[in-house]
Every structure is written in C-alpha cells, then in structure tokens.
Amino acid sequence: MMIPNASSIPLARNVRIGRATQKVDLALLLLIGVIAIPAMATVGIGYPAAGARWFFGLLLLALGYQLALKRDCRRFVALLIGVTPVLMMLRDFFFYSAVTAMFACGIIAWSFLFPEEFGELWRNLWWRMLFFVAMLYWALSYYLTGEYASNLRVMELVLAAACLHLLAGHRRMLAVALFGCCLSVLSIGIAFLPYGDRLGSAEIGGYSLGNPITFGLPLALIITLLVADDGKWLLLERHRLWRLSLGSSAGALLLLSTSRGSWAIVIANLIALFLIGGRRTQERRVALALLAAMALATILLLVSPKGEDLERAFERTASADSSWAHSSSGRTDQWRLFPRIFEDAPLFGFGPGTGPFVHEQYSLWDNSLSVHGKILQWHSLYLLIGVETGALGLSFLILFLLSLLARGIAHLRARGVIVPLLGILSFIIIGFSVSGFDASSGLFLGCGLVAAQRSESAGRTRGRLHPSSLKNDTRPHPR
C-alpha cells in the first residue's frame with residue numbers, strides 16, 4: 001500500500017498560509033445563511049411547507065446563477081455542501097431524488113470546467129472502483145425491483161463524497177462549505193427546540209420532519225473538524241475561542257438530539273485524538289476544554305425544561321432495566337434476524353434492492369420481534385449489504401473500509417493530518433446505525449478518501465493538490 005506524499009495532501013502540516021488567504025468567502029457564507037436561516041425560522045414558527053418553498057426556490061436560483069452565469073463549479077459545490085443539513089431535513093417537500101441530481105450536476109460541471117482536476121480524481125483507482133460499484137449496485141437494484149429509487153441513494157453517498165474531495169484542493173471554498181454546514185445545522189437545532197423530545201425530529205404543522213441521526217451526523221462532523229488538525233479545515237487554527245464557542249453549541253445540540261450513533265462518532269474520534277502521540281498537545285487541550293464545556297452544557301440542560309427528555313435518552317441507553325431492543329430503537333431485532341437470513345443465501349445474498357422485502361418475509365417467522373411482516377429498510381450498512389449481496393459483497397465492503405483505514409493511518413504518519421483517518425473511522429461507525437446512503441454520510445466518506453489519493457499523482461503540479469496552490473486559491477474561472 002503506497003503512502004501519499006506531500007502533493008497529495010490538501011492540508012499538509014508543512015503548509016503555511018498567510019493571513020490574507022485565511023479569510024473565508026463572506027459573500028458565499030452570507031448567501032448560505034440567507035437561504036438556510038429564514039427557511040428554518042419559518043419551519044420553527046410552524047410553517048414547514050413555506051420554509052421549504054423559500055429554501056428550494058432560493059437554492060435553485062443561487063445554484064443556477066453560480067453555474068450558468070458565473071460558470072463557477074467551486075462555489076456551486078461549496079454552496080451545496082453548506083446547505084446539506086437543511087437539504088436533508090426538507091427533501092420530502094421537493095423531488096426526493098433532487099439531492100442526488102444536484103450533487104451529480106456539481107460533478108459533471110467540474111469535469112467540464114476543471115477537466116484536469118476531475119481527471120486526477122478519475123485516474124484514482126479507488127474512486128473509479130467506488131463509482132462503478134455504486135452504479136452497478138443501483139442498476140441491479142432497479143433491474144430486480146423495477147423501482148428506479150431502489151438504492152439510488154448509494155449514488156448520493158458517492159457523489160457527495162466526490163464533491164467534498166474535489167473541493168478539498170480549494171481550501172477557502174472548503175472552509176466556507178464546512179462553515180455553512182455548521183450554520184445550517186445550528187439553525188435547524190434552534191428551529192426544532194420547541195418541538196418534540198428528541199431534537200431534530202418533530203411533528204410541525206401537520207408534517208413529520210427529520211430524524212435524530214440525520215440531525216446528529218452534521219453536528220458530529222463539525223465537532224470533529226473543530227478539534228482535529230487544530231481547526232485547519234475550517235481555517236480556525238488561530239481562533240480557539242471561536243472553536244470552543246461553536247463546539248460547545250454543537251455539543252449541546254448533539255446531546256439534545258439523543259442520537260446515540262452520533263454520540264458514538266464524537267466519543268470515538270475524541271478517544272482517537274487522545275491516543276495519537278506526537279505533536280498533538282494543542283488538540284488535546286482544545287478537546288479537554290470542549291469536553292468541559294459540554295459537561296457544563298449537560299448540567300445546564302438537565303436542570304432546564306429539556307432535562308427530562310435528556311434523562312430518558314440516557315436511561316434508554318444505559319439503564320440495566322431497559323431491553324436491548326428498546327435501547328436500540330428496534331435495531332436489535334434486525335441483528336437477530338440476520339443470521340437466519342444469511343444462512344439461507346450465504347454467498348450472493350438475495351439480490352440488490354430486495355432487502356426490505358426479505359425483512360418483510362423473515363420477520364413473520366419470529367413472534368419475539370417488535371415488528372412483524374413489514375417492509376422496512378435495514379438500519380445498518382453491514383446488514384443491508386450482507387442480506388442483499390451475501391458474503392461476497394460484505395467481504396468487499398469490509399476490505400474496502402479496512403484498506404481506507406490503513407491509508408488514513410499511513411496519511412497520519414506521513415503528514416500528521418488526522419481528519420482523513422477520523423472521517424473513515426466515523427463512516428465505519430455510521431454503518432452500524434444506518435445504511436449510510438445519504439449526503440451527510442458522504443461528507444465523512446469524502447474526508448476519509450482524501451487519504452486514498454494515488455501517490456503517483458504527487459509529481460504532477462497541475463494545481464489542485466499541490467501545497468503551493470493552497471497559498472493562493474485565486475485562479476481565474478474558465479470562461
């Protein structure tokens with residue numbers, strides 16, 4: 001396994017960036033705020049349909065302007081990543097597959113406007129393999145079920161990851177995108193505060209909105225980026241107060257989400273940061289300060305009106321009186337079903353796209369399950385792949401993730417950059433709670449795949465990943 005060298009690492013430790021180039025694009029960040037914040041404020045006062053109209057109307061206008069008039073795919077992709085949390089929250093009010101289409105437009109535009117940068121991505125064996133496998137998986141799902149939407153979101157996962165990977169060579173745009181993501185998810189948290197007992201999921205205006213883990217994943221990503229690599233991915237290496245303020249706010253909202261999968265990501269990433277030796281003293285200090293702030297936030301939340309909801313979430317997770325099925329929201333039922341299903345189709349599975357129907361059939365045979373005879377999606381990436389593709393697909397997935405994990409470790413040892421390792425570690429954890437076929441999970445995977453850039457492309461000086469390009473990201477747009 002080859003270790004990437006300096007020119008394949010967008011955030012290499014030896015890069016020194018002047019103050020002038022460390023400023024984010026405030027105009028683009030303001031645009032993200034104008035699109036996301038009023039939309040979520042409208043949702044918060046009880047009019048989710050009106051908020052969705054504002055959001056999608058302005059978003060489509062802004063994306064069209066960036067692409068058709070300015071021909072700037074970098075700002076297009078940065079804007080799209082910046083509003084991803086709100087996009088995921090309100091997608092049911094628009095064409096559901098529009099999220100996949102938007103990310104696909106960003107990739108296609110990049111291939112035309114910056115063919116050399118897209119060429120570096122496409123020449124990477126990891127990315128070609130990922131694209132082809134995802135396309136084949138979706139095509140077989142469509143063929144076997146007759147439904148084009150069956151497993152289509154695997155393309156959303158891969159396209160979102162590719163968009164973040166391409167943007168990683170443009171540090172200012174990447175920082176704006178991630179800052180916008182932070183702004184968007186904080187606006188969701190504030191809008192949902194008056195509703196429900198699990199932040200991020202509520203009945204508002206007659207509509208059922210959100211899911212705790214859909215809300216929790218962007219929060220976990222932001223907290224990780226605020227602590228890891230001294231905040232360089234957000235251009236906050238010299239602004240620890242900002243990092244602590246944003247981190248404590250995100251941490252408080254994450255606690256209220258009661259998303260245990262997202263909690264697990266943050267805990268695992270902080271443990272990894274503490275276990276990493278070498279020159280990471282500053283990161284440990286920031287992590288300790290953030291933990292102290294989150295502990296204080298927990299105490300304050302417990303004595304607030306939301307305290308009872310938080311106590312119930314802790315009890316569901318840790319109480320000895322709670323059954324595993326109850327504490328895992330029924331996911332344990334699917335883990336219990338899996339061995340029986342796998343025994344009947346061990347090598348090739350039942351076929352892509354058949355997972356929900358297999359669940360319906362096999363759940364009828366076990367009276368101890370909490371759900372019987374219902375068509376349900378599998379709540380784990382590993383269970384889904386095992387059921388639909390058997391040992392063959394599951395082995396490929398595990399080998400792929402372990403290889404990426406090894407690349408992340410090699411990346412860390414070579415350059416001292418830990419976010420790619422944490423990105424793939426987070427995605428592995430996500431796979432135990434949900435299928436991971438969504439744009440939010442794609443952002444974690446995109447961070448992880450930064451470490452998979454082929455080292456033989458290191459000698460090229462085409463600008464995208466060369467350290468000198470990070471010092472001056474002001475190349476003219478193609479006309």
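In this chain, residues are counted from 1 in sequence order.
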From Ile385 atom CD1 to Leu397 atom CG, the distance as rounded to the nearest 0.5 Å | 6.0 Å
Heavy-atom check, side chain of Leu199 versus side chain of Leu193, under 4.5 Å | yes
Trace of the side-chain contact (heavy atoms from CB on, under 4.5 Å) decision for Ser435 with Trp378 = CA-CA 7 Å; Ser435 69; Trp378 290 85; over 6 Å; no
For residues 79-107, pull every pair meeting salt bridge (charged side-chain N to carboxylate O under 4.0 Å, His left out), keeping only residues two or more places apart or in separate chains.
-> Arg91-Glu156
For Phe103 and Leu159, which heavy atoms make the closest approach, and how far apart are they?
-> CB-CB, 3.8 Å
Shortest non-hydrogen contact between Cys73 and Ala109, atoms and distance = CB-CB, 4.0 Å
What distance do Ile32 atom CD1 and Leu80 atom CG have between them, rounded to the nearest 0.5 Å?
-> 10.0 Å
Heavy-atom nearest pair, Thr84 first then Ser440, reads CG2-OG, 4.2 Å
Check: Asp229 side chain, Ile418 main-chain N or O, donor-acceptor pair, under 3.5 Å | yes
Plane angle bin for Trp122 and Phe118 - parallel if under 30°, tilted between 30 and 60°, otherwise perpendicular | parallel
Decide yes or no for Val286 and Leu226: does some side-chain heavy atom of the first lie under 4.5 Å from some side-chain heavy atom of the second?
-> no
Of all residues at least two apart in sequence or in a different chain, which pass the ring-ring contact (aromatic ring centres under 6.0 Å, His included) check with Phe432?
-> Tyr382
Look at the aromatic rings of Phe396 and Phe400 and report parallel, tilted or perpendicular, splitting at 30° and 60°.
-> parallel
Main-chain N/O of Arg123 paired to Arg128 side chain as donor or acceptor, under 3.5 Å = yes
Which donor-acceptor pairs under 3.5 Å do the side chains of residues 245-255 make with protein atoms, sequence neighbours left out?
unit_1, atom_1, unit_2, atom_2, d
Ser245, OG, Leu241, O, 2.9
Ser248, OG, Leu244, O, 2.9
Ser248, OG, Ser245, O, 2.9
Ser249, OG, Ser245, O, 2.9

Spacing of OG belonging to Ser257 relative to CZ belonging to Arg198, to within rounding of 0.5 Å = 7.5 Å
Step-by-step side-chain contact (heavy atoms from CB on, under 4.5 Å) determination, Val450 to His411 | CA-CA 9 Å; Val450 167; His411 191 127; 4.1 Å; yes
Just wondering, do Leu235 and Arg171 contact through their side chains at under 4.5 Å, heavy atoms?
-> yes
Value for OG (Ser262) from CD1 (Ile223), rounded to nearest 0.5 Å, stands at 9.0 Å
Considering only heavy atoms from C-beta outward, does the side chain of Leu79 approach that of Leu59 to under 4.5 Å?
-> yes
Which pairs with one or both residues in residues 416-431 pass side-chain hydrogen bond (donor to acceptor under 3.5 Å, both in side chains), sequence neighbours excluded?
-> Asn269-Ser426
Which atoms form the tightest heavy-atom contact between Cys447 and Leu164, and what is the distance?
-> N-CD2, 3.6 Å
Kindly indicate whether the side chain of Leu384, heavy atoms from C-beta on, has any atom under 4.5 Å from the side chain of Phe437.
-> yes
Quick check: does any side chain N or O of Ser208 sit under 3.5 Å from a backbone N or O of Glu203, one acting as donor and the other as acceptor?
-> no
Contacts satisfying ring pair (Phe, Tyr, Trp, His ring centres under 6.0 Å) that involve residues 79-100 (not counting sequence neighbours) are Phe56-Phe94, Phe93-Tyr207
Taking the side chain as every heavy atom from C-beta outward, state whether Trp110 and Leu167 have any pair of such atoms under 4.5 Å apart.
-> yes
CG of Leu67 to CG of Leu69: how many Å apart, nearest 0.5 Å?
-> 9.5 Å
Taking Ser201 for its side chain and Pro212 for its backbone only, find out whether a donor-acceptor pair lies under 3.5 Å.
-> no
Shortest non-hydrogen contact from Phe76 toward Cys105 | CZ-CB, 4.0 Å
Go through the steps to decide whether Arg74 and Phe114 satisfy the test side-chain contact (heavy atoms from CB on, under 4.5 Å), and finish with yes or no.
-> CA-CA 10 Å; Arg74 294 175 294 189; Phe114 292 96; 3.8 Å; yes
Find out whether Met88 and Leu217 are in side-chain contact, i.e. whether some heavy atom of one side chain is under 4.5 Å from a heavy atom of the other.
-> no
Taking atom CE of Met135 as the centre, report whether more than 12 heavy atoms of other residues, nucleotides or ligands fall under 6.0 Å from it.
-> no
Residues Leu209, Phe192; criterion side-chain contact (heavy atoms from CB on, under 4.5 Å); working and verdict | CA-CA 10 Å; Leu209 297 177; Phe192 275 64; 4.0 Å; yes
side-chain hydrogen bond (donor to acceptor under 3.5 Å, both in side chains): pairs with one or both residues in residues 41-58, sequence neighbours excluded = none
Closest approach of Gly436 to Ile430 (non-hydrogen atoms, all atoms of both residues) | CA-CG2, 4.1 Å
With distance as the sole test, does Asp25 use its side chain to make a donor-acceptor pair with the main-chain N or O of Leu28 at under 3.5 Å?
-> yes
Side-chain heavy atoms of Asp230 within contact of Arg243, under 4.5 Å | yes
If you measure from CZ on Phe444 to CG on Leu425, what distance do you get to the nearest 0.5 Å?
-> 10.5 Å
